[in-house]
Amino acid sequence: MVSDLCSGSLQGATIGSTDISLTPGKIRSGNHVADTQTAGSVCLLLQVALPCALFADASSQLSLKGGTNAEMAPQIDYTVTVFKPIVEKFGIHFDCDIRMRGYYPKGGGEVVVRVNPVKELQPVTMTERGNITKIYGRAFVAGVLPFKLAKDMSAAAVRSIRKEIKELYINIQPLQEKDKACGNGNGIIIIAESSTGCVFAGSALGKKGVYADKIGIEAAEMLLRNIRHNGCVDEFLQDQLIIFMALAKGRSRIRTGAVTLHTQTAIHIAEQLTQAKFTITKCDDELSSSVTFIIECEGSGAANPTL
């Protein structure tokens, strides 16, 4: 898809290949379709396509087919509720229409994303977490799975969060997905918002033979772990922001918990491919017992020549 988006020439893109070469050309707007033909993640397709579509000469429509809620990737709900509002701070505008949800192993999901081009990206500063003001989410079942699973995941997650956060109302809706879902699946995503506009999430997907309660607790513990460190992004958003920091014009500063290997890799690649320079500084924080870090980037100031 990226090769199509940038009129590129692509070699070695076959299953089992250890060597891929992409020579990009001019970025093309318009309609692009990418179909994994499995439950391969539509969110990972969006991750790789979005930075390219931003620098096209007009808006693009990406039809992404595969798994919407897959293991080893963000769930589509994460992309829409956590990733989207934060990357929009860079001046990005896209909308995301979930036409059909698709689950492992069949996939069959489809998401249509419309992306507006930008002249250049603004730098972003997120260093003040503020207080957690809202916790909500969705626990879903699709296909032949009983609705009780959704209720059990939701109840277990709420109980788990309550032990640590007593003062907030927690609204995790149990849902039975009927028309807009392909295949059988169950899972949960829980979102926390802060007073300064930070957004965090914990999520988990059902697996054969795993009790629903356990799925709910896993998501709750992931969320709690990501709000304990008092940083401004969770461990999964951290690496997804690196490319936008590298492309933006000016200095971005983002406060995080421990810096993940994904983030370190993203920084290494971004510095190889652009003029961006990153520094990571440890912070002393009297409010939190755990260590936080500031990821700072002097962006490369990529400009869209067509706008």
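Predicted model only: the values in this text are computed from it and were never measured. Along the sequence shown, the residues carry numbers beginning at 1.
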Heavy-atom side-chain proximity of Leu247 to Glu120 below 4.5 angstrom: no
Decide yes or no on side-chain hydrogen bond (donor to acceptor under 3.5 Å, both in side chains) for Ser29 and Asp57, but give the supporting numbers first. CA-CA 6 Å; Ser29 54; Asp57 56 354; 2.8 Å; yes
So, taking the atom named CD1 in Ile132 and the one named CG in Leu168, what distance separates them when rounded to the nearest 0.5 Å? 8.0 Å
Nearest 0.5 Å, please: how far is CD1 in Ile165 from CD1 in Ile170? 6.5 Å
Quick one: does any side-chain atom of Ser252 pair with a main-chain N or O of Pro123 as donor and acceptor, under 3.5 Å? no
Does NZ belonging to Lys249 count more than 12 external heavy atoms closer than 6.0 Å? no
Test item: side-chain donor near acceptor, Gln75 and Thr68, under 3.5 Å: no
Nearest-0.5 Å distance that lies between atom CD1 in Ile217 and atom CE in Met222: 13.5 Å
Taking the side chain as everything from C-beta on, heavy atoms only, tell me whether Leu50 gets closer than 4.5 Å to Phe94. yes
Heavy-atom side-chain contact between Phe55 and Leu307 under 4.5 Å: no
Using only atom types and a distance under 3.5 Å, with no angle test, would you say the side chain of Ser17 pairs donor to acceptor with the backbone of Ala13? no
Indicate, with yes or no, if Leu205 and Ile188 share a hydrophobic cluster defined by side-chain heavy-atom contacts under 4.5 Å among Ile, Leu, Val, Met, Phe, Trp and Tyr. no
Fit a plane to each ring of Phe200 and His229, take the angle between them on a 0 to 90° scale, and name the class: parallel (under 30°), tilted (30 to 60°) or perpendicular (over 60°). perpendicular
Check for a donor-acceptor pair, side chain of Glu110 on one end and backbone N or O of Gly66 on the other, with a separation under 3.5 Å. no
Using only atom types and a distance under 3.5 Å, with no angle test, would you say the side chain of Ser60 pairs donor to acceptor with the backbone of Val115? no
Show your working on side chain to side chain contact (heavy atoms under 4.5 Å, CB included) between Val141 and Glu177 and close with a plain yes or no. CA-CA 6 Å; Val141 292; Glu177 292 174 357; over 6 Å; no
Work out which heavy atom in Ile215 is nearest to a heavy atom in Lys207; give both atom names and the distance. CD1-N, 4.2 Å
Do Thr79 side-chain atoms and Pro74 backbone N/O form a donor-acceptor pair below 3.5 Å? no
Would you give the length of the straight line joining atom CD1 of Ile242 to atom CD1 of Ile254, rounded to the nearest 0.5 angstrom? 7.0 Å
Check for me, please, whether Ile189 and Met100 land in the same ILVMFWY cluster - side-chain distances under 4.5 Å, paths through other members count. no
Between Gln173 and Arg138: side-chain donor-acceptor atoms closer than 3.5 Å: no
Distance-minimising heavy-atom pair for Leu62 and Ala49: CD1-CB, 3.9 Å
Mind checking whether Cys6 and Lys26 have side chains closer than 4.5 Å, heavy atoms only? no
Is it true that, when you exclude Glu88 itself, more than 12 heavy atoms of the residues, nucleotides or ligands shown sit nearer than 6.0 Å to its CD? yes
Given the rule in the ring pair (Phe, Tyr, Trp, His ring centres under 6.0 Å) test, do Phe140 and Phe147 qualify, once you have shown the distances and angles that lead to the verdict? CA-CA 8 Å; Phe140 64 87; Phe147 183 51; over 10 Å; no
Heavy-atom pair with the smallest gap, counting every atom of Thr274 and Ala246: OG1-CB, 4.1 Å
Test salt bridge (charged side-chain N to carboxylate O under 4.0 Å, His left out), reference Glu296, set Lys277, Arg255, Arg253, output is Arg253
Test item: Arg101 side-chain N/O and Ala142 main-chain N/O as donor-acceptor pair under 3.5 Å: no
Answer yes or no: is there a side-chain heavy-atom contact under 4.5 Å between Phe83 and Val199? no
Only one of Val158, Leu224, Ile172 clears side chain to side chain contact (heavy atoms under 4.5 Å, CB included) with Ile190; which? Ile172
Where is the tightest heavy-atom contact between Val82 and Ala201, given as atom of each residue plus distance? CG2-CB, 3.8 Å
Does atom NZ of Lys119 have more than 12 heavy-atom neighbours, drawn from other residues, nucleotides or ligands, at distances under 6.0 Å? yes
Side chain to side chain contact (heavy atoms under 4.5 Å, CB included) between Val111 and Leu46, intermediate numbers included: CA-CA 10 Å; Val111 170; Leu46 177 62; over 6 Å; no
Quick one about Asn226 and Glu235 (side-chain donor to acceptor, distance below 3.5 Å, no hydrogens or angles considered), yes or no? yes
Test side-chain hydrogen bond (donor to acceptor under 3.5 Å, both in side chains) applied to Glu193 and Thr133, step by step: CA-CA 6 Å; Glu193 291 180 10; Thr133 53; 5.3 Å; no
Any Leu223 side-chain heavy atom under 4.5 Å of Ile135 side chain: yes
Between Gln264 and Ile267, is the side chain to side chain contact (heavy atoms under 4.5 Å, CB included) condition met? List the steps. CA-CA 5 Å; Gln264 291 171 44; Ile267 288 173; 5.8 Å; no
Minimum-distance pair of heavy atoms, taken over all atoms of Asp152 and Lys148: OD2-NZ, 2.6 Å
Say whether, by atom type as modelled, one donor and one acceptor occur between the side chain of Lys166 and the main chain of Lys163 under 3.5 angstrom. yes
To check you understand the geometry: which heavy-atom pair defines the closest contact between Asn304 and Ala56, and what is its length? ND2-O, 2.8 Å
Euclidean distance, Leu45 CG relative to His32 NE2, rounded to 0.5 Å: 13.5 Å
Under the criterion side chain to side chain contact (heavy atoms under 4.5 Å, CB included), I'd like the reasoning laid out for Val291 against Lys282: C-alpha separation, chi angles, the key distance, then a yes or no. CA-CA 7 Å; Val291 179; Lys282 199 169 166 178; 3.5 Å; yes
Polar side-chain atom of Lys151 near backbone of Pro174 as donor-acceptor pair, under 3.5 Å: no
Short side-chain to backbone donor-acceptor contact, Gln240 and Phe236, under 3.5 Å: yes
Would a distance-only check, ignoring hydrogens and angles, find a side-chain to backbone donor-acceptor pair under 3.5 Å from Thr36 to Ala39? no
For residues Arg159 and Asp213, determine if any side-chain heavy atom of one lies less than 4.5 Å from a side-chain heavy atom of the other. yes
Group every Ile, Leu, Val, Met, Phe, Trp and Tyr by side-chain heavy-atom contacts under 4.5 Å, then state whether Leu22 and Val48 land in the same group. yes
Got more than 12 heavy atoms from elsewhere within 6.0 Å of OH, Tyr104? no
What I want to check is whether the side chains of Asn69 and Tyr78 have a donor and an acceptor closer together than 3.5 Å. no
Between atom CG of Asn230 and atom CD of Glu128, what is the distance when rounded to the nearest 0.5 Å? 9.0 Å
Flag side-chain contact, heavy atom, 4.5 Å: Met126 against Lys89: yes
